[in-house]
Amino acid sequence: MKLIGNYADWITPELMNHLRTKEGDTAYVWQPERWSGHPLLEQYKEMARPGYAHKNHNFQQFNEGSSDMQNFKVVLPKFPKTRKHCFWWFVKLNPGQMQAMHIDPHLVEVKNPVRYTMFLEDFQPGHIFVYDDKMLSNYKSGDVYEWSDPMIVHGVVNIGYNTRYTLQVTMHD
């Protein structure tokens, strides 16, 4: 992952208030129906089955189809690379929530993907983001990272005391 710049001026008090006061959509960590169609997805599905199949782990997300976003306009900042199709979502990770190590199923059959993560608040102890064999910390509010490989294995957990907020953007042709 490569830091491409800081877009802190894009993060408004209205946006953060909206994310803090809304629940978003509950997404389940264990989604075996989405983890198919690619050998890596099949592998992660089988690796995750013993630990996650019988538990109710979840996290919160918002996208343009979420009911909590219907009356809130989102105009993304201008990122260095663009593609024909663009999908975005906010992740609201409350203390104790996590996303198991995975690759993103929506990237399996797309062409020429580019992926960005924007941190909406400064790094806080307990906000753990792992990609490949590395951990990312000490980021600042507004820092945007471009993924070196959109199909890289990654996961996140919040063992801190405060909710963790990010913007995720995927573009492809």
Side-chain angles (χ1 to χ4, degrees), residues 1-27 29 58-104 106-107 110 112-173:
M1 294 188 73
K2 177 183 173 187
L3 177 64
I4 62 162
N6 186 282
Y7 294 71
D9 58 340
W10 181 84
I11 304 168
T12 64
E14 293 81 16
L15 170 64
M16 294 310 298
N17 183 59
H18 190 80
L19 296 175
R20 286 186 183 106
T21 60
K22 305 292 183 188
E23 287 301 312
D25 301 324
T26 299
V29 171
N58 58 56
F59 62 97
Q60 310 310 117
Q61 66 181 7
F62 303 78
N63 60 45
E64 62 186 341
S66 299
S67 60
D68 282 341
M69 295 305 288
Q70 292 308 302
N71 296 316
F72 194 90
K73 185 173 173 77
V74 174
V75 177
L76 295 175
K78 303 284 187 218
F79 293 118
K81 297 177 184 173
T82 61
R83 302 289 189 266
K84 183 178 178 181
H85 304 283
C86 179
F87 303 95
W88 58 265
W89 63 102
F90 295 99
V91 175
K92 179 179 182 174
L93 203 66
N94 293 312
Q97 291 182 328
M98 48 83 71
Q99 293 176 301
M101 296 299 287
H102 65 283
I103 61 172
D104 292 327
H106 67 278
L107 291 172
V110 299
N112 198 23
V114 62
R115 178 92 193 280
Y116 296 103
T117 293
M118 178 191 291
F119 295 95
L120 301 181
E121 295 183 314
D122 291 350
F123 170 80
Q124 295 179 38
H127 291 186
I128 299 168
F129 176 64
V130 177
Y131 65 100
D132 201 13
D133 62 349
K134 299 165 189 65
M135 290 179 60
L136 186 60
S137 61
N138 297 322
Y139 48 80
K140 298 293 180 198
S141 177
D143 281 354
V144 173
Y145 287 81
E146 182 180 323
W147 295 53
S148 54
D149 177 359
M151 293 290 287
I152 201 162
V153 63
H154 59 282
V156 62
V157 64
N158 183 352
I159 60 170
Y161 299 108
N162 300 300
T163 302
R164 177 185 181 270
Y165 300 92
T166 60
L167 168 66
Q168 306 295 322
V169 178
T170 298
M171 297 181 217
H172 66 87
D173 291 330

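In this chain, numbering begins with 1 at the start of the sequence shown.
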Ser66 versus Gln61, closest heavy-atom pair with distance = OG-O, 4.0 Å
query = Where do Val74 and Trp10 come nearest, in terms of heavy atoms and distance?
reply = CG1-CZ2, 4.2 Å
ask   = Can you name the residues that form a ring pair (Phe, Tyr, Trp, His ring centres under 6.0 Å) with Trp88, not counting sequence neighbours?
value = Phe90
request  = In sequence, state the C-alpha distance, the side-chain angles, and the governing distance for Met69 and Lys22, and then conclude on side-chain contact (heavy atoms from CB on, under 4.5 Å).
outcome  = CA-CA 9 Å; Met69 295 305 288; Lys22 305 292 183 188; over 6 Å; no
query = Where does the angle between the aromatic ring planes of Phe119 and Phe129 fall among parallel (under 30°), tilted (30 to 60°) and perpendicular (over 60°)?
reply = perpendicular
message = According to side-chain contact (heavy atoms from CB on, under 4.5 Å), who are the partners of Thr12, at least two apart in sequence or on a separate chain?
response = Glu14, Leu15
key: Taking every non-hydrogen atom, the tightest pair across Ser67 and Asp25   = N-OD1, 4.5 Å
side-chain contact (heavy atoms from CB on, under 4.5 Å) partners for Ile128, two or more places apart = Val130, Met135, Val157, Ile159
query = Is any side-chain heavy atom of Val114 closer than 4.5 Å to a side-chain heavy atom of Met171?
reply = yes
ask   = Where do Gly160 and Pro95 come nearest, in terms of heavy atoms and distance?
value = O-CB, 3.5 Å
ask   = Where do Phe79 and Thr82 come nearest, in terms of heavy atoms and distance?
value = O-CG2, 4.1 Å
inquiry  = Let me confirm one number: the CG-CZ distance from Leu76 to Phe87, rounded to the nearest 0.5 Å.
reply    = 12.0 Å
request  = Return the set of residues passing side chain to side chain donor-acceptor pair (under 3.5 Å) with Asp143 (not counting sequence neighbours), or none when no residue passes.
outcome  = Asn6
task = Please identify each residue that fulfils side chain to side chain donor-acceptor pair (under 3.5 Å) with His154, with sequence neighbours left out.
result = His102, Asp104
request  = Provide the full list of salt bridge (Lys or Arg N to Asp or Glu O under 4.0 Å) pairs with a residue in residues 72-94, sequence neighbours left out, each pair given once.
outcome  = Lys81-Glu146
key: pair Leu136-Lys134: side-chain heavy atoms closer than 4.5 Å   = no
key: From CG (Asp68) to CG (Leu19), nearest 0.5 Å   = 9.5 Å
task = Kindly write out the residues that satisfy side-chain contact (heavy atoms from CB on, under 4.5 Å) with Ser141, not counting sequence neighbours, or none if the list is empty.
result = Ile11, Asp122
key: For Phe62, all residues meeting ring pair (Phe, Tyr, Trp, His ring centres under 6.0 Å), sequence neighbours excluded   = none
request  = Please name all residues satisfying side-chain contact (heavy atoms from CB on, under 4.5 Å) with Ile152, sequence neighbours left out, ordered by chain then number.
outcome  = Tyr131, Asp132, Trp147, Asp149
task = Could you tell me whether a side-chain N or O of Gln70 sits under 3.5 Å from a main-chain N or O of Glu64, the two making a donor and an acceptor?
result = yes
message = Looking at Asn71, I want to see if its CG is surrounded by more than 12 non-hydrogen atoms of other residues, nucleotides or ligands under 6.0 Å.
response = no
Summary of side-chain hydrogen bond (donor to acceptor under 3.5 Å, both in side chains) pairs that have at least one residue in residues 160-173, sequence neighbours excluded = Asn94-Thr163, His106-Thr170, Asn112-Asp173, Arg115-Gln168, Arg115-Thr170, Thr117-Gln168, Gln124-Asn162, Thr166-Gln168
Partner residues of Lys140 under the salt bridge (Lys or Arg N to Asp or Glu O under 4.0 Å) criterion, sequence neighbours left out = none
